[in-house]
Amino acid sequence: MKTIGIFVGSLRKASYTKSIARYIVGQSSDVFCYEIIDIGELPLYNQDFDDIGPAPDSYERFRKSVDRLDGVLFITPEYNRSVPAVLKNALDVGSRPYGHNVWSGKPGAIISASPGNIGAFGANHHLRQSLVFLNVLTLQQPEAYLAHIANSVGEDSEIHDPKLEEYIRNFLISFKEWVDRF
Ligand SMILES: Cc1cc2nc3c(=O)[nH]c(=O)nc-3n(C[C@H](O)[C@H](O)[C@H](O)COP(=O)(O)O)c2cc1C
């Protein structure tokens, strides 16, 4: 069985990107299982934690939980045309101490979403830039920029849009094929 970690770039209770993440967890099978990895409890990265110590226990737990994954899926909104700080912080924590980058070599993919017109394109591509440096082997096609996401999620914070569900399921087929190549 392969385990894929999902990292969500929003801490908001009624978050659209969390709704997408929950839908994807529901698409897990016996051979390909998705789980959401919590990044909200990680203290802001300070290099002294690793150079002088001690590092927070949550760093060690997070690094171990990423290390054991077979793939990584990032689902993120856009904050000011870039990656929300909580997600960038998680990337930074996992990348250190120097020489112990737990992201390295993992197959990955990005889904970005926004209530606006351009589907968080800016966040998607800023994230992609960091993933190049972190040596995450990121799926290139299909790209997933989910625009007008507020139209697809109900007041119960669940997706109620068959077209979006179908789009996501097709994206996941491509992602599984990508992960299975490694
Ligand atoms: C600090 C901040 C900056 C934002 N900047 C952008 C932006 O650059 N582009 C965009 O499409 N939406 C932007 N938004 C709106 C978010 O897309 C919207 O709040 C969305 O619901 C956040 O995702 P979530 O529902 O998963 O929490 C911003 C929201 C916040 C709080």
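In listed order, ligands and their atoms are each counted from 1. Computed from heavy atoms alone, side chains included, the values below leave out hydrogens, waters and symmetry copies.
The hydrophobic cluster around M1 extends to none of the other residues, as no ILVMFWY side-chain heavy atom falls under 4.5 Å of it.
A side-chain contact (heavy atoms from CB on, under 4.5 Å) with I36 holds for exactly one of L73, I24, I75, V25; it is V25.
Judged by distance alone, the side chain of R22 and the main-chain N or O of E158 form no donor-acceptor pair under 3.5 Å.
Residues in residues 155-177 take part in no ring-ring contact (aromatic ring centres under 6.0 Å, His included) pair, two or more places apart or across chains. Applying the side chain to side chain donor-acceptor pair (under 3.5 Å) test to pairs two or more places apart or on separate chains, those with a residue in residues 108-127 are S82-H126, S112-N124, N117-H148, N124-R128, H125-Y145.
Side-chain contact between L131 and L91 is present, with at least one heavy-atom pair separated by less than 4.5 Å.
When heavy-atom distances to ligand 1 are checked against 4.0 Å, the residues falling inside are S10, R12, S15, Y16, T17, P77, E78, Y79, N80, R81, S114, P115, ordered by chain and number.
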